[in-house]
Engineer: 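The following block contains the structure, expressed as structure tokens.
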Amino acid sequence: MQFSLFDTAEDKRTSYKLPLVEGDVTYFSNALSQATADTFFAKLQAELPWRQDTIRLFGKPVKIPRLQSWHGDPECTYTYSNLTMSPNPWTESLADIKARCEQLCEKSCASQYKVRFNSVLANWYRDGQDSMSFHSDDEPELGINPVIASVTLGEARPFVFKHKETKEKHTQLLEHGSVLIMAGATQTHYVHGIAKTAKPIGGRINLTFRHLIQRAR
Ligand SMILES: O=C(O)CCC(=O)C(=O)O
């Protein structure tokens, strides 16, 4: 299927680098048109096998505060916080968004990064009480200086970067249809997260496309 990268008739995209001295992060608003983002939001919410996983924190089982679904090529088993996930297959929508993100990395800001994503973590934040605690995406299977494309569909949520040493913070609102590309040494120097809010807000789907490196057996 042919598609243009930015499918708005009138290109309303804006993109800029975040002012993170030791990171390399680019934000694209309107990477997907409103109509396309609406369609993907409805499809993914209905189609993905969402589940609430349990992790162990200080030895106790704790339900993670959001639903998630892991997808990718068959070999892409992923482990974080002692939780090992086997990949669900790519859906048509996920494969379509993945191709758009790969083009975005190649043709735009991150042209130095030739990326082929082989997996995606989908997160479903049901309301303001769902969140993601500060962490960096620095698991060994992501390799050094991974390129990660993060797509937002639905309710906009503030995304906070915090420098691991200086503790300096930077917040970027992630809007419906936007793509945030994290590259370079971002994961080495910063943690990121999504805080809870008491405001009555709607649901949000986030997709983080990754490339997992297969270790020699
Ligand atoms: O929902 C988000 O924007 C953050 C997702 C994230 O940090 C992750 O999947 O590692």
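Counting starts at 1 for both ligands and their atoms, following the listed order.
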Engineer: For the NZ atom of Lys164 and the OG atom of Ser136, what is their distance to the nearest 0.5 Å?
Structural biologist: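 Nearest 0.5 Å value for the NZ-OG distance: 3.0 Å.
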Engineer: Assign the ring pair Trp50 / Trp124 to parallel, tilted or perpendicular, where the plane angle (0 to 90°) is split at 30° and 60°.
Structural biologist: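 Judged by the thresholds at 30° and 60°, the geometry between Trp50 and Trp124 is tilted.
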Engineer: Ring centroids only, cut at 6.0 angstrom: are Phe159 and His192 within range, meaning strictly under it?
Structural biologist: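 Ring centroids of Phe159 and His192 are less than 6.0 Å from each other.
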Engineer: With sequence neighbours excluded, what pairs up with Ser131 under the side chain to side chain contact (heavy atoms under 4.5 Å, CB included) test?
Structural biologist: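 With sequence neighbours excluded, Ser131 shows a side chain to side chain contact (heavy atoms under 4.5 Å, CB included) to Pro65, Lys196, given in chain and number order.
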Engineer: Flag the pair His170 / Phe161 as yes when their ring centroid distance falls below 6.0 Å, and as no otherwise.
Structural biologist: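 Between His170 and Phe161, the centre distance exceeds or equals 6.0 Å.
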Engineer: Could you name the protein residues that come within less than 4.0 Å of ligand 1, counting only heavy atoms, and order them by chain and residue number?
Structural biologist: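 Contacting ligand 1 under 4.0 Å are Leu121, Asn123, Tyr125, Met132, His135, Asp137, Phe159, Leu174, His192, Ile194, Arg204, Asn206, Thr208, Arg210.
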Engineer: Please tell me if the side chains of Pro87 and His71 come closer than 4.5 Å, counting only heavy atoms from C-beta onward.
Structural biologist: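 No, every pair of side-chain atoms sits at 4.5 Å or beyond.
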